[in-house]
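The block underneath contains the structure these notes are about, expressed in structure tokens.
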Protein chains: 2
Amino acid sequence: MAQSNRDRTSRRAIYLKLRQMVLTLELAPGAALSENELAASLGVSRTPVRESLILLSQEGLVQVFPKIGSFVSRVDPAQVADAQFLREAVELASLDDLPADLDAEVVGELRGNLERQRHADLGLEEFFELDEAFHQGLMRLSGHGNVWTNVAAAKGHLDRARRLGLHENVSPAVFAVQHHEIFEAVVGGDVPLARAAMRTHLRAVFSDIERIRAHSPELFASGPSTVPVRRNVVVWE
Amino acid sequence: MAQSNRDRTSRRAIYLKLRQMVLTLELAPGAALSENELAASLGVSRTPVRESLILLSQEGLVQVFPKIGSFVSRVDPAQVADAQFLREAVELASLDDLPADLDAEVVGELRGNLERQRHADLGLEEFFELDEAFHQGLMRLSGHGNVWTNVAAAKGHLDRARRLGLHENVSPAVFAVQHHEIFEAVVGGDVPLARAAMRTHLRAVFSDIERIRAHSPELFASGPSTVPVRRNVVVWE
DNA sequence: CGACAGATGCTTGTATACAAGTACTGGACG
DNA sequence: CGTCCAGTACTTGTATACAAGCATCTGTCG
């Protein structure tokens with residue numbers, strides 16, 4: 001499961017770093033990216049930076065316009081909805097495939113995960129990390145752990161929308177409680193209850209997005225195809 | 001929907017061409033790829049070829065081993081099963097979201113598609129093209145047409161396994177009939193029937209794979225991590 | 001003052017050169 | 001004849017150079 005020792009290439013490190021920065025909104029939606037600037041600030045050449053941007057571009061997190069520039073994708077409500085639909089379909093279907101006796105080790109992991117979610121002084125990113133591990137763990141229970149990779153690759157826009165939502169005012173505590181409810185239904189073997197709890201949970205996560213969009217429209221894509229705008233070139237000196 | 005005029009880069013053309021060749025088995029699973037050879041045969045430099053291989057690598061269709069070589073991925077039964085689970089979950093959930101009155105234009109497209117599927121002298125690749133358009137069309141009916149992109153990106157191994165199966169002896173006619181049954185249930189507004197027909201169809205597609213695996217094991221991945229082997233270097237001259 | 005046109009500096013796309021590492025090959029040696 | 005070791009040819013990763021295009025700025029002209 002661990003990555004091979006060989007692929008410690010700088011491209012991979014840069015790709016992961018940029019991806020993290022985009023998902024955590026450290027790189028804001030709509031921000032201009034320059035291969036040259038990134039390369040200089042990271043201390044490498046354009047090549048690994050460029051290849052990373054191409055990968056992020058395929059994930060929809062970055063848009064590259066030839067001869068114009070590269071930009072962090074604005075959060076696209078359509079893609080958010082698509083990701084929501086996909087994850088809900090997959091996670092609910094996964095619950096149907098839960099075996100009679102669950103993998104004790106994974107159950108233990110999930111229990112510890114939920115325990116940590118209870119801590120009140122939990123930072124946003126720490127919570128998201130636990131949230132991610134929790135949902136993936138549930139899918140591992142039904143033998144579909146690797147499918148989470150596909151879900152994760154598709155839900156970049158959804159993740160950013162969630163962070164926008166939680167940056168506002170909502171506390172993660174509500175979601176932690178919902179996680180607990182889902183978990184109890186799963187270990188209790190009550191699949192219909194687990195499905196209902198999961199659906200409620202995922203839709204609660206989704207419901208805030210329109211509110212956020214009204215609040216910060218500049219972070220979202222407006223038209224069907226956003227027109228790129230070269231940023232003003234300001235030279236210091 | 002059409003791609004911008006600007007991104008007619010050679011990278012995109014090469015990426016699409018290589019992807020097609022991998023999916024149609026024109027490039028056999030396990031085959032060694034060389035960035036230099038591909039570049040030479042395509043009349044371009046390594047750069048666009050390399051970037052295409054990186055994209056295919058992220059899709060799981062190609063494996064790149066630094067300093068060793070690049071190879072067409074062997075068909076991984078685990079990834080086939082994962083893709084089957086994902087597409088089934090998504091396509092069944094999509095049927096639940098069918099609106100009361102269907103988009104007449106899309107319905108017309110699907111009808112024409114099914115008509116063409118009936119032609120007995122249908123080549124394998126032509127059938128696959130129609131099959132792909134049919135399933136995507138169904139998802140467009142329920143407003144989830146763009147999610148098909150995510151499904152398509154995840155089911156490369158499944159597609160190759162299907163082609164291995166159909167190369168053997170099975171006729172596409174059976175699947176055409178199943179498509180018709182699904183379509184009739186959809187236009188008839190009978191969602192449960194549509195779901196049942198869809199599930200039967202998708203599982204029929206899936207069921208042949210183990211047989212194929214027994215017949216041509218060298219095309220499938222065996223262990224958890226396949227060890228790459230540099231091919232013998234044969235120099236003519 | 002306004003408008004048009006060219007210079008300029010940025011952007012990404014492609015080509016090429018070099019670096020680092022692997023595996024086979026061939027020969028020397030025990 | 002077997003074994004070890006160095007050479008060699010290939011691989012991908014990274015750095016750099018050049019090509020082509022867009023947007024802004026600026027100077028000139030009406």
Side-chain angles (χ1 to χ4, degrees), chain A residues 3-18 30-58 62-73 225-237, chain B residues 3-18 30-58 62-73 225-237:
Chain A
Q3 57 193 11
S4 171
N5 290 336
R6 286 162 177 156
D7 59 3
R8 278 183 184 170
T9 99
S10 69
R11 177 179 82 232
R12 177 137 191 96
I14 291 168
Y15 164 73
L16 292 175
K17 184 187 191 71
L18 288 178
L33 301 174
S34 162
E35 295 179 358
N36 282 317
E37 282 182 17
L38 289 173
S41 79
L42 294 170
V44 295
S45 79
R46 268 184 65 201
T47 306
V49 172
R50 170 180 173 76
E51 291 172 350
S52 297
L53 289 183
I54 289 174
L55 286 174
L56 293 170
S57 156
Q58 184 166 263
V62 164
Q63 288 175 289
V64 177
F65 300 92
K67 315 300 176 68
I68 295 182
S70 303
F71 304 84
V72 179
S73 299
S225 70
T226 317
V227 180
V229 178
R230 172 92 54 96
R231 72 180 182 285
N232 287 344
V233 179
V234 180
V235 179
W236 179 271
E237 174 178 39
Chain B
Q3 59 191 10
S4 170
N5 291 335
R6 286 162 178 157
D7 60 2
R8 277 184 185 171
T9 82
S10 70
R11 175 180 84 233
R12 177 136 189 97
I14 292 168
Y15 163 72
L16 292 175
K17 183 187 189 71
L18 288 178
L33 301 174
S34 162
E35 295 180 359
N36 282 318
E37 283 182 17
L38 289 173
S41 78
L42 293 170
V44 295
S45 79
R46 267 184 65 201
T47 305
V49 171
R50 170 181 173 75
E51 291 172 351
S52 296
L53 288 182
I54 290 174
L55 286 174
L56 292 170
S57 155
Q58 183 166 261
V62 163
Q63 288 175 290
V64 177
F65 300 92
K67 314 301 174 67
I68 295 181
S70 302
F71 305 84
V72 179
S73 299
S225 70
T226 317
V227 180
V229 178
R230 172 91 56 94
R231 72 178 180 287
N232 287 345
V233 179
V234 181
V235 178
W236 179 273
E237 177 175 37

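Chain naming here is simple, since letters A, B, ... match the order of the sequence lines and numbering starts at 1 in each. FYI, side chains are in, hydrogens and waters are out, and symmetry mates aren't considered; it's all heavy atoms of this structure.
A:Arg50 is linked by a side-chain hydrogen bond (donor to acceptor under 3.5 Å, both in side chains) to A:Glu35, B:Glu51, counting only residues two or more places apart in sequence or in another chain. By the side chain to side chain contact (heavy atoms under 4.5 Å, CB included) test, A:Val64 pairs with A:Ser57, A:Val62, A:Ser70, sequence neighbours left out.
Distance CG (B:Leu53) to C1' (D:dT11): 13 Å, rounded to an integer number of Å. Atom CD1 of B:Ile68 and atom P of C:dC24 are 11 Å apart (whole Å). We find that CZ of B:Phe65 is positioned 11 Å from P of C:dA23, with the value rounded to whole Å. Rounded to a whole Å, the CZ atom of B:Phe71 is 12 Å from the C1' atom of D:dC10. Residue B:Arg11 contributes atom CZ, which lies 8 Å from atom C1' of C:dG13 at whole-angstrom precision. Straight-line distance from the CZ atom of A:Arg8 to the P atom of C:dG21: 14 Å, rounded to whole Å. To the nearest angstrom, P of D:dT8 lies 21 Å from NZ of B:Lys67. Rounded to an integer number of Å, the gap from CZ of A:Arg12 to P of D:dT12 is 18 Å.
Taking both residues in full, the closest heavy atoms of A:Tyr15 and A:Ser52 are given as N-OG, 3.3 Å, listed atom of the first, atom of the second, then distance. Taking both residues in full, the closest heavy atoms of B:Gln63 and B:Ser73 are given as CG-OG, 3.5 Å, listed atom of the first, atom of the second, then distance.
Dashed line: the shortest gap from a side-chain N or O of A:Thr9 to OP1 or OP2 of D:dT12 is not under 4.0 Å. Look at A:Ser70 and you won't find any side-chain N or O under 4.0 angstrom from OP1 or OP2 of C:dT11. For C:dC10, the OP1/OP2 oxygens have no side-chain nitrogen or oxygen of A:Asn36 closer than 4.0 Å.
Near DNA chain D, meaning a heavy atom under 4.0 Å from it, residues 39-51 of chain A has A:Val44, A:Ser45, A:Arg46, A:Thr47, A:Pro48 in order of number.
To the nearest 0.5 Å, atom CG of residue A:Leu42 and atom NZ of residue A:Lys17 are 6.5 Å apart. A distance of 9.0 Å separates CG of B:Leu33 from CG of B:Leu56, quoted to the nearest 0.5 Å. B:Leu38 contributes atom CG, which lies 8.5 Å from atom CD1 of B:Ile14 (distance to the nearest 0.5 angstrom). Distance CZ/B:Arg11 to CD1/B:Ile54: 10.0 Å, rounded to 0.5 Å.
When the local axes at the two ends of the helix from C:dC1-D:dG30 to C:dG30-D:dC1 are compared, using 5 base pairs at each end, they differ in direction by 20° after rounding to 10°.
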